[in-house]
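What follows is a short report on a single structure.
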Amino acid sequence: MRAAEPLLSLQGASKSYTLGSNVIRALQAVDLALVRGEIPAVTGPSGSGKSTLLNLCGLLDTADEGELLFDGEPLPRGDEARRTSLRRQAIGFVFQGFNLVPVMTAHDNIDYPLYLLGIPAAERRQRVTEALARVGLAELGAHRPDQLSGGQRQRVAIARAIVKRPRLVIADEPTANLDAQTAAQIIALMRALAHDDGTTFLVATHDERVLPHCDRALMLDDGVLKGACHAH
Ligand SMILES: Nc1ncnc2c1ncn2[C@@H]1O[C@H](COP(=O)(O)OP(=O)(O)O)[C@@H](O)[C@H]1O
Ligand SMILES: [Mg+2]
């Protein structure tokens, strides 16, 4: 049954970093299943392994041990070509610092990933216009990032992530640079997009105020996933 199958699952994923003679066990035997259309939060203090976990799920990095399945398909560590193509086609990213190109308008920032995918200009224009509207910025496509507020910049970054129509969006501390009210609005927007499109949004945050707006919370403690606690 495909519908019941998780979008992404990690089984026994471990990851260590070696610094000189020091081995840092960033993740230890993590089991995780992400369902379509949900927005789970990964929480835990700084250094608990949140970014390491998101980088594994975003196919930006590989585990030392364990298995990863995307859409039921095992993704072996060695298959870089498959991993890269899945990452480009099926995964969007939202970052703490927005990572917009400062000299490009909001419209052109959102357009860029579609241009890289080789999508024709007319279709790109239509999709960018739609993405701007969905994040509530229909009127602001011609603005550059420095002409937008922090919350508006993060909306542009979300539009850039969803314009590819990804299966999964990875958001690492997306609200860390925003005030509490704007942070709540940004998470609520992600949640609405997740529920409307069936896109999964995996959000790392150590902001307790964000948790009530997510579907569930996964607690990381020193690289160990402490299981789910209900966010609300
Ligand atoms: N590239 C790296 N090299 C060495 N150590 C790293 C690297 N990335 C992360 N770490 C270490 O792994 C642990 C988990 O880091 P991280 O996943 O960034 O946690 P978080 O995102 O929760 O702050 C920390 O002890 C961190 O110092
Ligand atoms: Mg981090």
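Keep in mind that what you see is a predicted model, and the values were worked out from it rather than measured. Atom set for the values below is all heavy atoms of this structure, side chains included, hydrogens, waters and symmetry mates excluded. Indexing begins at 1, ligand by ligand and atom by atom, following the structure's order.
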Is any N, O or S atom of Thr52 under 2.8 Å away from the Mg ion (ligand 2)?
no

Using a strict cut-off of less than 4.0 Å between a Lys/Arg side-chain nitrogen and an Asp/Glu carboxylate oxygen, indicate whether [X] and [Y] qualify as a salt bridge.
{"X": "Arg167", "Y": "Asp71", "answer": "yes"}
{"X": "Asp197", "Y": "Arg134", "answer": "yes"}
{"X": "Arg82", "Y": "Glu73", "answer": "yes"}
{"X": "Arg127", "Y": "Glu130", "answer": "no"}

[X]: numbered ligand 1 atoms lying under 4.0 Å from its heavy atoms:
{"X": "Ser51", "value": "17 (O), 18 (O), 20 (P), 21 (O)"}
{"X": "Lys50", "value": "17 (O), 19 (O), 20 (P), 21 (O), 22 (O), 23 (O)"}
{"X": "Ser46", "value": "23 (O)"}

Under a 4.5 Å cut-off applied to non-hydrogen side-chain atoms, are Arg216 and Leu218 in contact?
yes

Any protein heavy atom < 4.0 Å from atom 27 (O) of ligand 1:
no

In the complex you have, is atom 7 (C) of ligand 1 within reach of the protein, judged by whether a heavy-atom distance drops under 4.0 Å?
yes

Pro45, Gly223, Ala26, Gly49: member with heavy atom nearest to atom 12 (O) of ligand 1
Ala26

Considering non-hydrogen atoms of the protein only, which is the closest contact for atom 1 (N) of ligand 1, and what is the distance?
Tyr17 CE2, 3.7 Å

In this structure, atom 15 (O) of ligand 1 is nearest to the protein heavy atom Thr52 OG1, 3.9 Å

Exactly one candidate in Arg83, Arg77, Arg87, Lys15 meets salt bridge (charged side-chain N to carboxylate O under 4.0 Å, His left out) with Asp61; the answer is Lys15

Pairing donors with acceptors under 3.5 angstrom, does anything connect the side chains of Thr52 and Asn55?
no

Quick one: do the Ser14 and Asp64 side chains pair a donor with an acceptor below 3.5 Å?
no

Out of curiosity, is Gly47 lining ligand 1, as in a heavy atom under 4.0 Å away?
yes

What do we get for Ile24 next to ligand 1 when only non-hydrogen atoms under 4.0 Å count, side chain, backbone, both or neither?
side chain

